[in-house]
Amino acid sequence: MSILARVRRLVPLAGLAALLAGPQVQAADPILAATPPMGWNSWNHFAEKIDDATVRAQADAMVASGMRDAGYVYINIDDTWEGERDAKGVIHPNAKFPDMKALADYVHGKGLKLGIYSSPGPKTCAHFEGSYGHEEQDAKTYAEWGIDYLKYDLCSLGETLEKVSPLDARKIMREAYVKMHEALKKTGRPIVLSLCQYGYDSVWHWGASVGGNLWRTTGDITDSYDRMAEIGFGQAGLAKFAGPGHWNDPDMLEVGNGGMSAAEYRTHMSLWALLAAPLIAGNDLTKMTPETVALLTNKDIIAIDQDPAGKQGDRVHAEGTLEIWARTLADGSKVVALFNRNDILNEIRVDFRELGFKGPVKAHDVWADKDLGELPSQTRLPLAGHDVILLRVRQ
Ligand code: GLA
């Protein structure tokens, strides 16, 4: 068979023409958000007290702390950057952000990417200017600035939706997200689209079809075990809706903000990694204890979260306040997470046969960074209150 014929069997005709056209032909675009986005966002810690200098300092700290090298990429400005529109309708930042393009250049210069925030409604949740009626214009402006990520938060569009029938609400909301997705696409710049509408209308069923690379599945997280656990454990059953390029988003991290114990933050990181959740830090990166840096940059946790197969984990067993969750990784091994949602010591019993293993298993304890050797198929382990044991398990 001629080389051409052989190539033709492997490459469809249209692709063949491109292949023969020579080296100037670009490879197919990589999937945007092929693994869950990792980065930082201003809201959880700074809320409206965010400005250009603070964002630059966060970018500096992301590099200096080792977070960039651990995989964190996005520096995301949340609400309250927005200023007025000019006579032509072009949005400008307010006085806190004198030059958005210069800021993007700065962030890019550090090997990082810049994210921004808007709403499909006329106003954002903090009552700043939204993108309603200006979608194409705003997408173009973002692309000109060098923006790489847009969190698009329902906010005031929600008020419109309350006044119409559920069917109309669904249509209006989906069209609004499609409109921004199309506008971003038209810019030619790869910009991750993060839908934020708090899980309204079971967004996991349709978030990907309107162009979302991720979608919030819940209301806002706070820096407390109860809220983090309510959100995190509430993700049971959503695994099948996530995959490369389209992720469930149980909201940003609170690690390092001080409201939870070390065990509780371990639980937070373990759950988010198991859920293939975006890892968007929400603390002040310039003021981190070594413990916070260690939690955020734990190599095993990040490898689990970023596993290339992109198969979200799910709950496999619940016994009162004790829960077992598992996630299958690309290499066929499993992550098994044992959680104690009670605040007192308990004994957790795991039967690895119920998780698809035959007989005893080999286990590595991720947080202790310790090989446990062989565990019997029925294993009992003591587990402190609000704590987790995270195991990488193979046959
Ligand atoms: C909503 C979002 C938050 C944050 C604020 C900003 O509450 O869910 O994550 O973006 O708006 O106003």
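As the structure lists them, so they are numbered: ligands from 1, and atoms in each ligand from 1. Residues take their numbers from the sequence shown, with the count starting at 1.
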Check this for me: does any side-chain nitrogen of one of [X] and [Y] sit under 4.0 Å from a carboxylate oxygen of the other?
{"X": "D138", "Y": "R85", "value": "yes"}
{"X": "E136", "Y": "K140", "value": "no"}
{"X": "D60", "Y": "R56", "value": "no"}

Short list, please: which atoms of ligand 1 are under 4.0 Å from a heavy atom of R216?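 Within the 4.0 Å cut-off of R216, ligand 1 contributes 8 (O), 9 (O).
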Taking 4.0 angstrom as the limit and counting only heavy atoms of K151, give me the atoms of ligand 1 inside it, by number and element.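 Matching atoms, with element in brackets: 3 (C), 4 (C), 9 (O), 10 (O).
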[X] N/O to ligand 1 N/O under 3.5 Å:
{"X": "D251", "answer": "no"}
{"X": "Y198", "answer": "no"}
{"X": "W43", "answer": "no"}

Just need the protein heavy atom nearest to [atom], so name the residue and atom and give the distance.
{"atom": "atom 4 (C) of ligand 1", "answer": "D78 OD1, 3.4 Å"}
{"atom": "atom 1 (C) of ligand 1", "answer": "D153 OD2, 3.0 Å"}
{"atom": "atom 12 (O) of ligand 1", "answer": "D79 OD2, 2.8 Å"}

Plane angle bin for [Y] and [X] - parallel if under 30°, tilted between 30 and 60°, otherwise perpendicular:
{"X": "W272", "Y": "H268", "value": "perpendicular"}
{"X": "F233", "Y": "F339", "value": "perpendicular"}
{"X": "Y225", "Y": "H386", "value": "parallel"}

At a 4.0 Å cut-off, with the gap strictly under it, does some heavy atom of D220 reach an atom of ligand 1? yes
Tell me the contacting part of C155 for ligand 1: side chain, backbone, both, or neither, using a 4.0 Å heavy-atom threshold, strictly below. neither
Of the side chain and backbone of T124, name the one, both, or neither that has a heavy atom under 4.0 Å from an atom of ligand 1.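 The answer is neither.
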Check the pair D251 / R227 against salt bridge (charged side-chain N to carboxylate O under 4.0 Å, His left out), numbers first and verdict last. CA-CA 11 Å; D251 207 359; R227 181 61 179 151; over 6 Å; no
Exactly one of D153, N76, T80 should register a side-chain hydrogen bond (donor to acceptor under 3.5 Å, both in side chains) with Y117. Which one does?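 When side-chain hydrogen bond (donor to acceptor under 3.5 Å, both in side chains) is applied between Y117 and each of D153, N76, T80, only D153 qualifies.
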